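The structure under discussion appears below in the form of structure tokens.
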Amino acid sequence: MPRKKSFKNTAGKRYKARRKNYLFRRGAVLAVLIVTLIGTGFYLKHSVSYYYALYFNKFTHRKLHNTETESMRIQRIITDNLDKTYGFDISHYQNKEDIQWDSLSIGNRTIPLEFVVMRATMGNRSADRHFDEFWEQAKKHQLIRGAYHFYRADEDPVIQANNFLDNVKLESGDLPPILDIEKIPRRKTREKLVKDLKVWCKIVEETYGQKPILYTYYHYYKDFLKGEFDGYPLWLANYNDVPAPSPDADWNFWQFTENGIVYGINTKVDLNIYNGSTWSLKGLTLD
């Protein structure tokens with residue numbers, strides 16, 4: 001009898017040990033599976049988001065309208081420039097969910113938008129809160145990208161240049177840096193303004209080895225900047241019913257409306273013409 005009791009005790013210990021090992025192995029396998037699933041989820045999160053949006057959160061295109069006069073003006077400009085390249089510019093005034101990046105076009109969907117310019121920074125320290133995501137989306141959808149700095153005329157040009165360089169990392173195939181100047185300084189003369197703008201341009205040009213693009217309104221350019229920035233690519237805004245943004249200056253880009261209606265964007269945006277073909281536009285980009 002004592003030997004049977006001893007045998008039972010030994011068998012019980014072996015059973016408990018085997019069960020403990022089994023539970024341990026099962027727990028380890030479950031932990032590995034959980035870690036693997038979490039890792040796979042992070043890896044595939046963009047695809048999951050894409051298919052979720054595709055099937056459950058479809059883009060609903062809003063009906064946007066312009067006045068008859070503005071619609072006719074825009075259509076006339078587009079018709080007269082069918083041999084040129086079209087693009088748009090955006091900032092955080094456009095909500096991220098308002099843009100469907102894979103189907104951007106104008107003119108009843110007959111003209112593709114091939115470049116996008118987006119605001120990156122403003123003044124000494126500010127940055128556009130949507131820039132990083134817009135920048136990534138533009139590259140993902142193979143649009144030619146451009147980033148601009150909104151220049152505050154009474155702030156320091158060196159700090160402003162460094163603000164842009166700290167927040168924007170241009171790559172090969174991107175447009176050169178863009179300087180947006182449209183405000184008149186309150187505490188500086190015209191001469192001081194021009195001098196400061198040249199400081200900004202010099203710092204940025206030394207970084208990228210290419211002259212920045214200068215953006216401004218036609219009348220601002222005529223009154224303050226003309227003759228001071230010869231050789232710089234010029235991007236002029238002119239919303240009047242004219243055949244070109246300037247009657248007496250060479251131009252590279254024309255922002256011809258702030259009321260652009262784009263298939264794939266649920267707000268009105270600024271529309272631009274590049275004065276040349278897509279091949280020519282790519283020749284302007286960074287190496």
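Predicted model only: the values in this text are computed from it and were never measured.
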Check: Under 3.5 Å, is there a donor-acceptor pair linking the side chains of Ser71 and Gln75?
Finding: no

Check: Are side-chain N/O atoms of Thr121 and Tyr148 paired as donor and acceptor at under 3.5 Å?
Finding: no

Margin query: Walk me through whether Thr216 and Leu225 qualify under side-chain contact (heavy atoms from CB on, under 4.5 Å).
Written below: CA-CA 9 Å; Thr216 191; Leu225 307 178; 4.1 Å; yes

Notebook entry, point to check: Looking just at side-chain N and O atoms, do Ser246 and Asp248 make a donor-acceptor pair shorter than 3.5 Å?
Noted result: yes

Item checked: Set of residues satisfying ring pair (Phe, Tyr, Trp, His ring centres under 6.0 Å) with respect to Tyr215, sequence neighbours excluded -> Trp235

Item checked: Any donor-acceptor N or O pair under 3.5 Å, side chains Asp89, Asn272 -> yes

Item checked: Nearest atoms (heavy-atom pairs only) where Leu143 meets Leu113 -> CD2-O, 3.1 Å

Item checked: Distance-only side-chain donor-acceptor flag, Ser103 / Gln100, under 3.5 Å -> yes

Item checked: Any donor-acceptor N/O pair, Lys211 side chain to Pro176 backbone, under 3.5 Å -> no

Margin query: Is there a side-chain contact between Gln137 and Lys139 in this structure, where contact means two heavy atoms from C-beta onward sitting under 4.5 Å apart?
Written below: no

Notebook entry, point to check: Counting N and O atoms only, with roles assigned by atom type, does the side chain of Tyr221 sit under 3.5 Å from a partner on the main chain of Leu236, one being a donor and the other an acceptor?
Noted result: no

Next item on the list: Evaluate the side-chain proximity of Tyr151 to Leu197: yes if any heavy-atom separation is below 4.5 Å, no if none is.
Entry: yes

Next item on the list: Indicate whether any N or O donor in one side chain lies under 3.5 Å from an N or O acceptor in the other, for His149 and Gln160.
Entry: yes

Note to self: Whether the Gln255 and Tyr239 side chains hold a donor-acceptor pair (N or O, under 3.5 Å, no angle test) is what I'd like checked.
What the structure shows: yes

Checklist line | Electrostatic pair Asp80-Arg76, nearest N-O below 4.0 angstrom | finding: no

Note to self: Tell me whether Val269 shares a hydrophobic cluster with Ile77, the cluster being built from Ile, Leu, Val, Met, Phe, Trp, Tyr side chains joined at under 4.5 Å.
What the structure shows: yes

Notebook entry, point to check: CG/Asp128 to NE2/His92 distance, rounded to the nearest 0.5 angstrom?
Noted result: 5.5 Å

Next item on the list: Taking atom NZ of Lys202 as the centre, report whether more than 12 heavy atoms of other residues, nucleotides or ligands fall under 6.0 Å from it.
Entry: no

Notebook entry, point to check: If you take all heavy atoms of Pro212 and Glu205, which pair is closest and at what distance?
Noted result: CD-CB, 4.2 Å

Note to self: Do Phe253 and Trp279 land in one hydrophobic cluster if side-chain heavy atoms of ILVMFWY residues count as linked below 4.5 Å?
What the structure shows: no

Item checked: Side-chain (Thr207) to main-chain (Ile203) donor-acceptor, under 3.5 angstrom -> yes

Notebook entry, point to check: What class does the angle between the rings of Phe134 and Trp101 fall in, given that below 30° is parallel, 30 to 60° is tilted and above 60° is perpendicular?
Noted result: tilted

Margin query: Test side-chain contact (heavy atoms from CB on, under 4.5 Å) on Glu171 and Leu286; report intermediate values, then the result.
Written below: CA-CA 7 Å; Glu171 302 174 2; Leu286 299 174; over 6 Å; no

Notebook entry, point to check: Looking only at heavy atoms, what is the nearest atom pair of Phe115 and Thr85, with distance?
Noted result: CE2-O, 3.7 Å

Note to self: What's the separation between atom CG in Asp154 and atom CZ in Arg186, rounded to the nearest 0.5 Å?
What the structure shows: 5.5 Å

Note to self: On the six-membered ring of Phe224, is Arg190 placed so that its NZ or CZ lies under 6.0 angstrom from the centre and within 45° of the ring axis?
What the structure shows: no

Note to self: Is it true that, when you exclude Gln142 itself, more than 12 heavy atoms of the residues, nucleotides or ligands shown sit nearer than 6.0 Å to its CD?
What the structure shows: no

Next item on the list: Kindly state whether the ring of Phe229 and the ring of Tyr232 have centres lying under 6.0 angstrom apart.
Entry: yes

Note to self: Measuring centre to centre across the rings, with the benzene-like ring taken for any Trp, is Trp254 within less than 6.0 Å of Tyr274?
What the structure shows: no

Item checked: Sequence-distant partners of Phe150, ring pair (Phe, Tyr, Trp, His ring centres under 6.0 Å), two or more places apart -> none

Next item on the list: Of all the heavy-atom pairs spanning Gly173 and Ile144, show the shortest one and how long it is.
Entry: O-CG2, 4.0 Å

Checklist line | Side chain Lys188, main chain Ala153, donor-acceptor under 3.5 Å | finding: yes

Item checked: Salt bridge Asp241-Arg73, side-chain N to carboxylate O under 4.0 Å -> no

Next item on the list: Identify the heavy atoms of Ala120 and Phe164 that sit nearest to each other, and give their distance.
Entry: CB-CE1, 4.4 Å

Next item on the list: Please examine the side chains of Ile261 and Ile106, heavy atoms only from C-beta on, and report whether any two atoms are closer than 4.5 Å.
Entry: no

Margin query: Grouping I, L, V, M, F, W and Y whenever their side-chain heavy atoms are under 4.5 Å apart, do Met122 and Phe131 come out in a common cluster?
Written below: no

Note to self: Heavy-atom count check: over 12 atoms from other residues, nucleotides or ligands less than 6.0 Å from Asp250 CG?
What the structure shows: no

Item checked: Sub-4.5 Å side-chain heavy-atom contact between Pro112 and Tyr263 -> no

Checklist line | Side-chain donor or acceptor of Lys169 paired with backbone N/O of Leu165 under 3.5 Å | finding: yes

Note to self: If I compare all heavy atoms of Gly260 with all of Leu271, which pair ends up nearest, and what's the gap?
What the structure shows: CA-CD1, 3.6 Å

Next item on the list: Nearest 0.5 Å please: distance from the CZ atom of Arg125 over to the CG atom of Asn163.
Entry: 8.0 Å

Next item on the list: Calculate, to the nearest 0.5 Å, the distance between atoms CD and CG belonging to Gln210 and Asp287 respectively.
Entry: 6.5 Å

Check: Counting distance only, does the side-chain N/O of Arg145 pair as donor-acceptor with the main-chain N or O of Trp135 below 3.5 Å?
Finding: yes

Note to self: Is there a path of hydrophobic side-chain contacts, each under 4.5 Å between heavy atoms, that joins Ile184 and Val194?
What the structure shows: yes

Check: Taking Asp174 for the side chain and Leu170 for the main chain, is one N or O donor matched with an acceptor at less than 3.5 Å?
Finding: no

Margin query: What's the separation between atom CG in Leu64 and atom CD1 in Ile265, rounded to the nearest 0.5 Å?
Written below: 10.0 Å

Margin query: Nearest 0.5 angstrom please: Leu234 CG to Lys226 NZ, how far?
Written below: 10.5 Å

Checklist line | Side-chain donor/acceptor of Ser126 to backbone N/O of Gly123, under 3.5 Å | finding: no

Next item on the list: I would like to know whether Thr257 and Asp270 meet side-chain contact (heavy atoms from CB on, under 4.5 Å); could you show each step before the answer?
Entry: CA-CA 6 Å; Thr257 183; Asp270 301 332; over 6 Å; no

Notebook entry, point to check: Step by step, would you call Asn275 with Asn252 a side-chain contact (heavy atoms from CB on, under 4.5 Å)?
Noted result: CA-CA 5 Å; Asn275 193 16; Asn252 299 86; 5.6 Å; no

Next item on the list: Measure from the side-chain N and O atoms of Asp156 to the backbone N and O of Ile159, and report whether any donor-acceptor pair falls under 3.5 Å.
Entry: yes

Check: Judged by atom type as modelled, is there a donor-acceptor pair below 3.5 Å linking the side chain of Asn108 to the main-chain atoms of Thr110?
Finding: no

Next item on the list: Check the side chains of Glu114 and Thr278 for a donor-acceptor pair under 3.5 angstrom, ignoring hydrogens and angles.
Entry: yes

Item checked: Shared hydrophobic cluster, Leu179 / Ile213 (ILVMFWY, side-chain heavy atoms < 4.5 Å) -> yes

Margin query: Would you say that more than 12 heavy atoms from the other residues, nucleotides or ligands in this model lie under 6.0 Å from the NZ of Lys183, or not?
Written below: no

